[in-house]
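Naming convention: chains lettered A, B, ... in sequence-line order (proteins, then strands); numbering from 1 in each chain. Both backbone and side-chain heavy atoms feed into the values below; hydrogens, waters and symmetry mates do not.
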Number of protein chains: 2
Amino acid sequence: MAKDQKKMVDSITSMDEDFAKWYTDVCKKAELIEYTSVKGCMVIRPYGYAIWENIQSILDKMFKDEGHENVCMPMFIPESLLQKEKDHVEGFAPECAWVTYGGSEKLEERLCVRPTSETLFCEHFKNVVHSYRDLPKLYNQWVSVVRWEKTTRPFLRSREFLWQEGHTLHASAEEAIEETEKMLNIYTKFCQENLAIPVVQGMKTESDKFAGAERTYCIEALMHDGKALQAGTSHYFGDGFAKAFDIQYSNKENKLTYPHQTSWGMTTRLIGAIIMTHGDDNGLVLPPAVAPVQVMVIPIAQHKEGVLDKAHALCNELKKICRAKIDDSNNSPGWKFAEYEMKGVPVRVELGPKDIENNQCVVVTRHNREKTVVPLDKLSEVIPAKLQEVRDGLYQKALENRENRTYKCTSMEEITKALEENGDGFVKAMWCGEEACEDKVKEITGVGSRCIPFEEEHISDTCVCCGKPAKKMLYWGKAY
Amino acid sequence: MAKDQKKMVDSITSMDEDFAKWYTDVCKKAELIEYTSVKGCMVIRPYGYAIWENIQSILDKMFKDEGHENVCMPMFIPESLLQKEKDHVEGFAPECAWVTYGGSEKLEERLCVRPTSETLFCEHFKNVVHSYRDLPKLYNQWVSVVRWEKTTRPFLRSREFLWQEGHTLHASAEEAIEETEKMLNIYTKFCQENLAIPVVQGMKTESDKFAGAERTYCIEALMHDGKALQAGTSHYFGDGFAKAFDIQYSNKENKLTYPHQTSWGMTTRLIGAIIMTHGDDNGLVLPPAVAPVQVMVIPIAQHKEGVLDKAHALCNELKKICRAKIDDSNNSPGWKFAEYEMKGVPVRVELGPKDIENNQCVVVTRHNREKTVVPLDKLSEVIPAKLQEVRDGLYQKALENRENRTYKCTSMEEITKALEENGDGFVKAMWCGEEACEDKVKEITGVGSRCIPFEEEHISDTCVCCGKPAKKMLYWGKAY
């Protein structure tokens, strides 16, 4: 059967042969995206967009449960507004797309298509925040942003991408820092529980902070090929932007005060993380929480009397407890198995004449292809358990991959050796705190600093690079 | 009390005094929008955006129930792609915003920020449609678009606005026309049932069609001031775009065939329509289906023992059946009444010590300020009925306004006289079918053709303008 399936569905490159090609094959063959004539931009097709809709709906609820409100800012930023905060404009101007004409008229001032919206939120905060009673402001928006990247890849790095950007304003530094950390924890929870992707929580080093931030927190995941992927970031701005934009409020003592600010974001890049964490040589494997179809019902010998009726009835029952669908097309069962494995549907239910005779069906989980014969009257109990099993299985597998590919190193030689012998992965090593050492480690071994983890370990006393006393433990890795 | 309330909430211009100023006052004071330094663009604030989220969630479900799938196309269109369909580019090029630089590099080909996405969908259809088995394609996307307007107004005409654009591709003309009409009916149902806005269904005349369409269907609503507003459009393209973009599929006889296409859209303009249909001198009045808060609970004498506890308990009960909220701030009840009248909350529930003694509360409907004393144990029955009453009351009032302001006219003189005597409104009058007469009627009387209604009446035998035999009845009006 396996061979037969291979023939029926367009084959994809194997992961071990060429991971990058495997990735784009999956993006295309699972019908997540299609290329366009707009360089570096893509169409997100219905199956890919449905994953994003599920991500949105879960995250949006998490944000709202914490009191955040959605808003919508313009997509354009006048150049003068972007320039108000110096570090920020330096960071973003080189990758801005610039609108210079409206119809046939040249604009007096050019507008950039938002690469991020701190400046617009600041302008708005200045207009609506006057008193301590107006604080905190807990805002979020779901929009697309544009960054003019040179080399692009679907979901991972595209000139336009979809994201959410939270922007909040607080009376005190403590409260703003608490918000920054809270949102990082929400991101962590979402990645681990809903996407089944284990992440390392940490802080970016000075050189790797968001343009204009005092602190950038992040979560870092390790992909199947041993490369690191930043899955979400949360920034604490202090009152730097407030000062640049002259946002002040009267505090309880009626004194004008600068508020403290945060921003945090997650993007369609998460879909890339899902593909590269859970996928295999048969295609996509989706965590149930965000899978457009959680259970696919496949009738066997559907031309035989009663099979289709029974399969439809079963699917309708399943729809009450999960996102279920039936494929009653004339394609062969083998073709269907391969098709929905390619599309990463977490669970399939097979139902044929013999099953009907025995009041049972066959339940197959995508990630391990395990088959279970289930009595029909037990199905509504078994399916939720199976979906949980898939999530847990995916998480466990990803965690094992990360652990197998995390190397504690005390010298540059150890780093090089570990990577050579075991392939790319996370390196844990000590650091003196100097940017020069970050640069040198990257130059010599190829791994850059990913973050200072919240849970630091003591690997050695000295910096892995210069040998001076170590100040921090860093995670290092090659990044997507 | 009324006077007291007026003082406490910033007063707004009265509708009769200056309708345009009343409109922008309401937009600002109800905290729907805020202006920005980006000319012609606005911030949609949380209360305004929550209305849009409710509109989205109802419409999105209606679309999906009919088999449509959401996708996401790039926001940029290369100039050469836009130019492929001649009528289309002529219609849109004058109002495109053009990106000419990416970072510091001049682009080889300039990109317009999508004013609408037919060209991108066509390019994609060409890539993914090959056989009759690939049809129909029923796609939709929720995005923002940009049109470089000279004069702008919040929600009604802004350089960037939010919308949904449906794009579908069908094997036959009949099927595509059926889709075009089906979506217009869905828009009609949504406007009338959910927004309580009566609309006229019709077809645009030749001169008023969407750029590139064979037919443009529309729904037209009449605002409180007698001006017409196009609330939604649905276009049938025939195979014109398919030919321009060379989209062909093999039909069942294995012959290459051009498919037939539609597109249809609704925008944040609907929020403007809600304001101008239902609003009054106390501010916004929201139809319950899209109101962010449907019921506001206001404690009276809340410093007295037990009042706040009881009010919170009541609000928690209400949350099970509707979007309810409580204002337990220290502002006076009078201030709160005025505030939530300004914000158009459909129903408020007042609860004070005497009410608690009598196991009752006072229910006030926003649109007519009717007060009802309701026993607490009947509240969960009364509230849904009251919300329905508000929707029905709003619809009835809007319908009466439209009927009072719809004038049957048989000559130019009658049009001028009707408008002068009764104010702006819909004019029903016969038309010969010539564009010259449409232009002349507009020039002389000020009203332009709005649509050829599905339900035509016979007003007279001859064209209201030239006196030649009439071919159609038109709705005429001044348009937003």
A:F125 vs A:Y139 aromatic rings, parallel, tilted or perpendicular, using cut-offs 30° and 60°?
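Parallel.
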At a 4.5 Å cut-off on heavy atoms, which part of [X] comes close to chain A: side chain, backbone, both, or neither?
X	result
B:K106	neither
B:I33	neither
B:K64	side chain
B:Y35	backbone
B:E53	side chain
B:E105	side chain

Which portion of [X] sits near chain B, non-hydrogen atoms under 4.5 angstrom:
X	answer
A:K126	neither
A:V143	neither
A:N70	both
A:W148	side chain
A:A93	backbone

In terms of heavy-atom pairs under 4.5 Å, which option from B:V113, B:N140, B:L81, B:L111 contacts chain A the most?
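Greatest number of close heavy-atom pairs with chain A: B:V113.
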Looking at B:M73, B:E34, B:R45, B:E69, which makes the most heavy-atom pairs under 4.5 Å with chain A?
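If we count pairs closer than 4.5 Å to chain A, B:R45 comes out on top.
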Between A:R159, A:E31, A:H124, the one whose heavy-atom pairs under 4.5 Å with chain B are most numerous:
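Answer, by heavy-atom pair count under 4.5 Å with chain B: A:H124.
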Chain B interface, residue from A:C96, A:C41, A:S80 that has the most non-hydrogen pairs under 4.5 Å
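Option with the greatest count: A:C96.
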Answer yes or no: is there a donor N or O on one side and an acceptor on the other, between the side chain of A:R157 and the main chain of A:T151, under 3.5 Å?
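Looks like no, no N/O pair under 3.5 Å.
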Check the side chains of B:E90 and B:H88 for a donor-acceptor pair under 3.5 angstrom, ignoring hydrogens and angles.
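There is no such pair between these side chains.
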Modelled atom types, side-chain donor and acceptor of A:E149 and A:S158, under 3.5 Å
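No.
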Could you give me the CA-CA distance, side-chain angles and deciding distance for A:T119 and A:E85, then say whether side chain to side chain donor-acceptor pair (under 3.5 Å) is met?
CA-CA 8 Å; A:T119 53; A:E85 213 285 342; over 6 Å; no
